[in-house]
Each structure stands twice: as structure tokens, then as C-alpha cells.
Amino acid sequence: MDYILAYSKSSRRVRELENKLAYTVSKYEKEIAGLKKEILAPRIKFTSKMGQFEKVLQVCCMVCNVTPSEVLSKCRRGDIMTARHLVVYLLRFDYALHYAEIGRKLNRDHSTAINSFKQFSNSLEYRKEEKRLYNTARELLGMEVQSA
């Protein structure tokens with residue numbers, strides 16, 4: 001009899017602890033999600049000291065949900081590659097920077113910048129997601145959005 005009474009008390013206590021744990025996890029998940037969002041997509045604050053490259057890199061990172069260090073790294077993950085291609089395309093097409101200069105800023109060769117530009121321009125023709133990313137980036141940079 002004492003065993004059954006002790007078991008019912010302990011199972012009730014376990015349920016209370018599980019509920020408290022679930023509440024705490026849900027409370028902090030919202031805060032963690034907010035912090036993640038701010039880290040991955042910080043509010044853009046352009047300064048007068050920022051050059052074209054820094055502005056474009058920051059906007060592309062925000063649009064593609066990656067960090068600048070990931071874009072400048074050697075990583076070949078899909079979202080990072082898309083962000084890198086977008087940076088190259090914007091710098092070449094909209095800012096008319098030379099491939100050699102773009103390559104230097106991205107710690108790559110000019111031929112890599114040429115290939116990246118071609119990759120993104122080809123995907124702009126066929127993929128809606130790349131068009132959306134490009135138009136969003138242009139809008140954030142204060143440029144006129146191109147029609148789809």
C-alpha cells in the first residue's frame with residue numbers, strides 16, 4: 001500500500017517537472033530563435049566608411065541567411081554558394097567592378113568570379129528563388145527592382 005501511494009506521488013511530481021521543463025524550453029526557444037535571427041540577419045546599418053563591397057556582402061548575407069565569414073570561406077554548401085554568387089553578380093552587373101577586383105575581395109581568383117557570375121546569371125533565367133533573392137538585395141541596396 002505504501003508503495004502505491006509513493007508511486008502516485010512520484011509520478012505526479014514527475015508530471016509537474018515535465019510540465020515546468022516544457023514551459024521553460026518553450027520560453028527560451030523564442031529568445032534563442034530571436035537571437036539567431038538577429039545574428040544571421042542583422043539590421044542593416046550602412047556607414048559612410050563602408051565601401052560597395054561591404055554593403056553588398058552585408059545585404060547578400062542578410063538575404064541568404066548566412067554570415068560574411070561563411071561567404072568568404074571555402075565552404076561549398078548550397079546556400080553559401082548562392083550568397084557568394086549573388087555577391088559576385090551584384091558587384092559585376094550593378095556596380096561594374098572588374099572580375100580581378102571581385103576575386104581579390106572574395107579571396108579567390110578572377111576566373112572563379114567569372115564562373116560565379118555566369119552561374120548566377122544562368123540561374124536568374126530559370127529559377128524563381130534566385131530572382132527573388134536578387135530583387136530583394138537590390139531593394140535593400142536602394143536600387144530599382146527589376147521586373148520578373
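Quantities reported herein were computed from a predicted structural model and do not represent experimental measurements.
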Here the salt bridge (Lys or Arg N to Asp or Glu O under 4.0 Å) pairs for residues 13-25, sequence neighbours left out, are Arg13-Glu16
Residues at least two apart in sequence or cross-chain that pass side-chain hydrogen bond (donor to acceptor under 3.5 Å, both in side chains) with Ser69, listed by chain then number, are Thr67
Requested in this report: For residues Leu133 and Tyr89, determine if any side-chain heavy atom of one lies less than 4.5 Å from a side-chain heavy atom of the other.
Outcome: no
| message | In this structure, would Met81 and Met62 fall into the same cluster of hydrophobic residues linked by side-chain contacts under 4.5 Å? | response | no
Sorted by chain and number, sequence neighbours left out, side chain to side chain contact (heavy atoms under 4.5 Å, CB included) with Tyr126 holds for none
All heavy atoms of Asn107 vs all of Leu72, minimum pair found to be ND2-O, 4.3 Å
So CG of Leu141 and OG1 of Thr136: to nearest 0.5 Å the spacing works out to 11.0 Å
Smallest heavy-atom separation, Arg138 atom then Leu90 atom, equals CG-CD2, 4.0 Å
The salt bridge (Lys or Arg N to Asp or Glu O under 4.0 Å) partners of Arg104 (sequence neighbours excluded) come to none
Inset, instruction - Without swapping roles, check the side chain of Arg84 against the backbone of Ser73 for a donor-acceptor pair under 3.5 Å. - result: yes
Step through the shown structure and confirm whether more than 12 heavy atoms of other residues, nucleotides or ligands are within 6.0 Å of CZ on Arg127.
no
For Asn115, the side chain to side chain contact (heavy atoms under 4.5 Å, CB included) test, sequence neighbours excluded, returns Gln119
### Side-chain heavy-atom pair Tyr95, Phe53 within 4.5 angstrom cut-off
no
Interatomic distance, OG1@Thr82 vs CD@Glu129, rounded to 0.5 Å, equals 8.5 Å
Val66 and Arg77 have their tightest heavy-atom pair at CG1-NH2, 4.5 Å
Those residues at least two apart in sequence (or on a different chain) that pass side chain to side chain contact (heavy atoms under 4.5 Å, CB included) with Asn122 are Glu125
With sequence neighbours left out, the residues meeting side-chain hydrogen bond (donor to acceptor under 3.5 Å, both in side chains) with Ser111 are Asp109
Check your understanding: Does any non-hydrogen side-chain atom of Gln58 lie less than 4.5 Å from one of Lys55?
Key -> no
**Validation row: Arg92, Glu101 side chains within 4.5 angstrom (heavy atoms)** = no
* Under the side-chain contact (heavy atoms from CB on, under 4.5 Å) rule, what do Val71 and Cys60 come out as? Steps first, then yes or no, please. => CA-CA 9 Å; Val71 172; Cys60 292; over 6 Å; no
Applying side chain to side chain contact (heavy atoms under 4.5 Å, CB included) to Ala113 and not counting sequence neighbours gives Val88, Tyr99, Ile102
Answer yes or no: is there a side-chain heavy-atom contact under 4.5 Å between Glu130 and His85?
no
